[in-house]
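Before any comments, here is the structure.
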Amino acid sequence: MTQIQRLLDANAGYASARANVHDARPSRHLAVITCMDARIDVFAVLGLHLGEAHVLRNAGGRLTEDVLRSLALSSHVLGVDTVVFMQHTKCGLAGVTDEELAALTGADLGFLPIHDQAADLREDIDVLIATPYLSRITTVGGFVYDVESGELDGVVRWQRP
Ligand SMILES: [Zn+2]
């Protein structure tokens with residue numbers, strides 16, 4: 001339980017010192033989809049602050065059904081019009097297969113492993129663009145974050161015509 005207690009202790013200091021954001025709508029009309037990898041400090045990497053963006057994270061930073069669900073709400077209810085996908089180097093989902101991950105986890109889920117980062121980013125962006133209920137999203141970017149150098153590679157930029 002030490003781990004849990006550390007979190008509660010840390011919160012005691014946080015609550016009294018935090019900045020309060022009243023508006024639930026991201027002020028930069030932005031959603032970032034990225035990997036759950038513990039080496040990525042999303043707000044620091046992209047120069048974002050509290051209240052400015054939705055951050056949707058999962059293994060690989062892929063466009064899953066649940067990310068689509070969140071983006072439907074982001075764009076229709078909370079004013080998001082820009083989406084950035086940020087995959088990264090040394091990702092645990094790169095260079096593995098669904099079969100290997102199913103054997104490793106005992107779960108047959110369709111893990112969306114990454115074979116070719118640029119192609120997979122492009123594929124996720126194409127699906128987003130073609131999803132009718134996401135038509136309010138007008139700008140999409142695709143980046144690869146280098147976990148060693150801290151730098152971003154801009155792979156894809158798209159603007160709705
Ligand atoms: Zn990753």
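Quick note: numbers below take in every heavy atom, side chains included, and nothing from hydrogens, waters or symmetry partners. Predicted model, so just to flag it, every value in this text is computed and none were measured.
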If you group Ile, Leu, Val, Met, Phe, Trp and Tyr by side-chain heavy-atom gaps below 4.5 Å, do Val80 and Leu73 land in one group?
-> no
### Query
Quick check: does any side chain N or O of Asp108 sit under 3.5 Å from a backbone N or O of Ala102, one acting as donor and the other as acceptor?
no
Problem set entry | Close side-chain approach of His88 and Asp37, heavy atoms under 4.5 Å | yes
Worksheet item: Are the side chain of Thr131 and the backbone of Tyr133 linked by a donor-acceptor contact shorter than 3.5 Å?
Response: no
Heavy atoms of Val21 and Gly51 approach each other most closely as CG1-CA, 4.0 Å
Can you tell if the side chain of Asp146 reaches within under 4.5 Å of the side chain of Leu152, non-hydrogen atoms only?
no
Exactly one of Leu46, Val144, Ile33, Leu121 clears side chain to side chain contact (heavy atoms under 4.5 Å, CB included) with Met86, and that residue is Leu46
Side chain to side chain contact (heavy atoms under 4.5 Å, CB included) with Arg69: of Leu71, Val67, Asp66, only one passes, and it is Asp66
Rounded to the nearest 0.5 Å, the CD1 atom of Ile125 sits from the CG atom of Leu63 at a distance of 9.5 Å
When rounded to the nearest 0.5 Å, the distance separating CG of Leu134 from NE2 of His76 is 6.5 Å
- Item | Val45-Val55 co-clustered via ILVMFWY side chain contacts under 4.5 Å | yes
Are Phe43 and Leu30 co-members of a hydrophobic cluster defined by side-chain heavy atoms under 4.5 Å apart? yes
Please tell me if the side chains of Pro26 and Leu78 come closer than 4.5 Å, counting only heavy atoms from C-beta onward.
yes
In this structure, CZ of Arg57 is separated from CE of Met36 (nearest 0.5 Å) by 9.5 Å
Looking at side-chain heavy atoms only, is the closest gap between Tyr145 and Thr89 below 4.5 Å?
no
In terms of side-chain geometry, is the basic nitrogen of Arg62 or Asp124 positioned less than 4.0 Å from the acidic oxygen of its partner? yes
Answer yes or no: does atom CD of Glu65 have more than 12 heavy-atom neighbours from other residues, nucleotides or ligands under 6.0 Å? no
Does Arg39 reach the main-chain N or O of Val147 with its side chain, forming a donor-acceptor pair under 3.5 Å?
-> no
| request: Could you tell me whether the side chain of Asp81 reaches within less than 4.5 Å of the side chain of Arg136, counting heavy atoms only? | output: no
*Same cluster for Ile114 and Val155 if Ile/Leu/Val/Met/Phe/Trp/Tyr side chains link at under 4.5 Å?*
no
Check: Do the non-hydrogen side-chain atoms of Thr34 and Phe85 ever get within less than 4.5 Å of each other?
Finding: no
Q) Side chains of Gln159 and Thr139: donor-acceptor distance under 3.5 Å anywhere? A) yes
Smallest heavy-atom separation, Cys35 atom then Gly60 atom, equals SG-N, 3.2 Å
Establish, from distance only, whether the side-chain atoms of His29 and Thr82 form a donor-acceptor pair under 3.5 Å.
-> no
CH2 (Trp158) and CZ (Arg122) are apart, to the nearest 0.5 Å, by 9.0 Å
Between the OG1 atom in Thr138 and the CD1 atom in Ile129, the distance rounded to the nearest 0.5 Å is 11.0 Å
Does Arg160 use its side chain to pair, donor to acceptor, with the backbone of Ser135 at less than 3.5 Å? yes
### Task
With the side chain counted from C-beta on, respond yes when Phe143 and Val84 share a heavy-atom pair under 4.5 Å apart, and no when they do not.
yes
Discussion item. What verdict does the side chain to side chain contact (heavy atoms under 4.5 Å, CB included) test give for Leu112 and Asp120, after you've listed the backbone C-alpha separation in whole Å, the side-chain angles of each residue and the deciding distance to 0.1 Å?
Written reply: CA-CA 9 Å; Leu112 302 174; Asp120 290 339; over 6 Å; no
With a 4.5 Å limit on heavy-atom distance, are the side chains of Ser27 and Arg25 in contact? no
Separation between CG (Leu101) and CG (Leu93), nearest 0.5 Å, reads 6.0 Å
*Would Leu56 end up clustered with Ile40 when hydrophobic side chains under 4.5 Å apart are linked, directly or stepwise?*
no
